[in-house]
Amino acid sequence: MLKWIGRGLLALVAVVLVLGLVNRDRLERLWRVNTLFDEERIVANFTDMRGMFFAADMVLGDAPVTPLPEAPVGLPKTFSYGGETFVVADWLEANAAAALVVLKDGAIAHEAYFSGSAEDLRISWSVAKSFLSVLLGTVVERGEITSLDDPVTQYAPELVGSAYEGATVRDVAHMASGVAFNEDYFDFDSDINRMGRVLALGGSMDEFAAALEVRDRPPGQFWQYVSIDTHVLSMVIRGATGRSVVELMAERVMTPLGLEADPYYLTDGFGTAFVLGGLNLRTRDYARFGLMVMDGGVIDGRHIVSNDWILDSTRATAPSIAPDYFPDFDPATGYGLQWWVPPNPEPGEVYGIGVYDQFIYVNPGRGVVVALNSANRDFADDGVQDRQIAFFRAIAAHLSP
């Protein structure tokens, strides 16, 4: 009997060891994701996202690197907001800035790296949404999507029966789907964090979106920031074109941008791009994207998307904010088609933003683009986003008084 028990225990140990080896990558990935934002790890993690998630390289076609000549100008020493004055150097340090590139009329006016180097590929987080907006514009211009007022289920039938049934492409692009979604990054059980675990463990983002069944309100009624809406846009784009976002983004946006380094997308376990936050580029290449937007969809003579789409997508056309959503949110801040518009904007002034303070700020009237990558663990504190915009506006005014 003892001999058989011994053999059984050996067999059990062998099974456990085999399962451990088989699942080692998944367990390591989950551990790294759970420590992604730890204070001692966050800076390095944001330049090494492949170590935590599945990823897909973008294969770029032939295009020369878009030149960014250097015309150095110092930053302003201070900026003001809400009656307070902030020292720029102190502000950048306090908000864990990692890389900053400022363009004035297409030339590098200021460039600084506070961690890592210019060669690092840095995570976009939700700045990636604004890239998808440009890709959506190319799909609409080619007639692959007939109208933004088409229902999303026309192109993504797997959403029939979900909370997205009845929403239009425009509703979703405006973040006005009405879908109930908890976006609290500090709540372990929030929808956004459940989605992150699906991504890290190789689940399906499409299945996650299709499984959402609850609405807060009818589609198109109010604006409420719902990150999974952007994934639904990617389902629409893939359904309309029959191609992956990784391929389309590489072909239609990244190649003609003339990037310095091949970017990559984080993906789910099925190779589907994490479009709502998974782009990884050099900071200079984020600035090139902003330059293209500032110049109306053209860069270095190469057309990417029409000026009409740039103008339409970067205007504050989304519905008003939901009355029960973010009571401290400034209602003067506008939203377009996956772009943010600051209060009292100058002509064409717009920005993309990602958590932990990733920004692309565009001010066409002053010829200024700012690309900022950060690892700011206090990004959600009251007033941080508004002060960042005040900082960018101070830079723009300093360079174009």
Assess whether side chain to side chain donor-acceptor pair (under 3.5 Å) is satisfied between His231 and Asp206, documenting all intermediate values.
CA-CA 8 Å; His231 182 78; Asp206 287 355; 2.7 Å; yes
To the nearest 0.5 angstrom, please state how far the [atom1] atom of [X] sits from the [atom2] atom of [Y].
X	Y	atom1	atom2	value
Leu92	Leu75	CG	CG	7.0 Å
Leu337	Asp312	CG	CG	7.5 Å
Asp189	Asp184	CG	CG	10.5 Å
Asn373	Ile123	CG	CD1	9.5 Å
Leu233	Ile145	CG	CD1	8.0 Å
Leu103	Arg284	CG	CZ	10.5 Å

Checking Ser190 against Glu183 for the side chain to side chain donor-acceptor pair (under 3.5 Å) test, could you report, in this order, the C-alpha distance in whole Å, the side-chain angles of both residues, the deciding distance, and whether it holds?
CA-CA 6 Å; Ser190 68; Glu183 193 93 6; over 6 Å; no
Scan side-chain atoms only and decide if [X] and [Y] contain a donor-acceptor pair under the 3.5 Å cut-off.
X	Y	answer
Ser374	Asn95	no
Tyr155	Thr241	no
Tyr356	Gln358	no
Tyr325	Asp216	no
Ser147	Asp150	no
Ser177	Asp171	no

Determine, using ring centers only, whether Tyr265 and Phe274 are less than 6.0 Å apart.
no
Would you say the ring centroid of Phe392 lies under 6.0 angstrom from that of Tyr361?
yes
Can a salt bridge be assigned to the pair [X] and [Y] using a cut-off of 4.0 Å between side-chain N and carboxylate O?
X	Y	answer
Glu111	Lys104	no
Asp285	Arg282	no
Arg393	Glu346	no
Asp324	Arg217	yes

Determine the minimum heavy-atom distance between [X] and [Y], stating which atoms define it.
X	Y	value
Ala128	Val275	CB-O, 3.4 Å
Ala173	Gln338	O-NE2, 2.9 Å
Trp91	Val384	CZ2-O, 4.1 Å
Pro263	Met254	CG-CG, 4.1 Å
Leu212	Arg194	CD2-NH2, 4.4 Å
Ala55	Arg50	CB-NH1, 3.8 Å

Would you check if the side chain of [X] reaches a backbone N or O of [Y] as a donor-acceptor pair within less than 3.5 Å?
X	Y	result
Ser244	Glu247	yes
Asp90	Glu93	no
His398	Gly74	yes
Thr314	Ile310	yes
Thr333	Pro343	no
Asp120	Arg122	no
Asp268	Met205	yes
Asn280	Gly278	yes
Asn45	Leu36	yes
Asn363	Arg366	yes

Between Thr272 and Arg238, is the side chain to side chain contact (heavy atoms under 4.5 Å, CB included) condition met? List the steps.
CA-CA 10 Å; Thr272 301; Arg238 286 180 279 130; 3.6 Å; yes
Partners of Ser320 by side-chain contact (heavy atoms from CB on, under 4.5 Å), sequence neighbours excluded?
Phe222
Within the 4.5 Å heavy-atom criterion, are [X] and [Y] side-chain neighbours or not?
X	Y	answer
Thr168	Pro151	no
Met249	Met58	yes
Tyr225	Tyr335	yes
Trp339	Arg315	no
Phe53	Thr267	no

Using the rule given for side chain to side chain contact (heavy atoms under 4.5 Å, CB included), can you reason through Ile108 versus Val102, listing the C-alpha separation, both sets of side-chain angles and the distance that settles it, and then say yes or no?
CA-CA 6 Å; Ile108 296 177; Val102 178; over 6 Å; no
Could you tell me whether [X] atom [atom1] has more than 12 heavy atoms of other residues or ligands within 6.0 Å of it?
X	atom1	answer
Asp149	CG	yes
Glu40	CD	yes
Glu141	CD	yes

Report all side-chain donor-acceptor pairs from residues 63-72 shorter than 3.5 Å, counting only partners two or more places apart or in another chain.
| unit_1 | atom_1 | unit_2 | atom_2 | d |
| --- | --- | --- | --- | --- |
| Thr66 | OG1 | Leu257 | O | 2.6 |
| Thr66 | OG1 | Arg302 | NH2 | 2.8 |

For the residue pair Phe37 and Trp125, does the interplanar ring angle fall in the parallel (under 30°), tilted (30 to 60°) or perpendicular (over 60°) class?
tilted
Using 30° and 60° as the class limits, which term best fits the ring planes of Phe79 and Phe391: parallel, tilted or perpendicular?
tilted
Using the ring pair (Phe, Tyr, Trp, His ring centres under 6.0 Å) rule, take Trp340 and Trp223 through it: C-alpha gap first, then chi angles, then the decisive distance, then the call.
CA-CA 12 Å; Trp340 295 81; Trp223 175 87; 5.6 Å; yes
Evaluation steps, side chain to side chain donor-acceptor pair (under 3.5 Å), between Tyr81 and Gln388:
CA-CA 9 Å; Tyr81 178 79; Gln388 290 285 21; over 6 Å; no
Trace of the side chain to side chain contact (heavy atoms under 4.5 Å, CB included) decision for Glu119 with Glu260:
CA-CA 9 Å; Glu119 285 69 43; Glu260 289 182 4; 5.9 Å; no
Kindly indicate, with the supporting measurements, whether the criterion side chain to side chain donor-acceptor pair (under 3.5 Å) is fulfilled by Lys129 and Ser124.
CA-CA 9 Å; Lys129 294 178 170 75; Ser124 66; over 6 Å; no
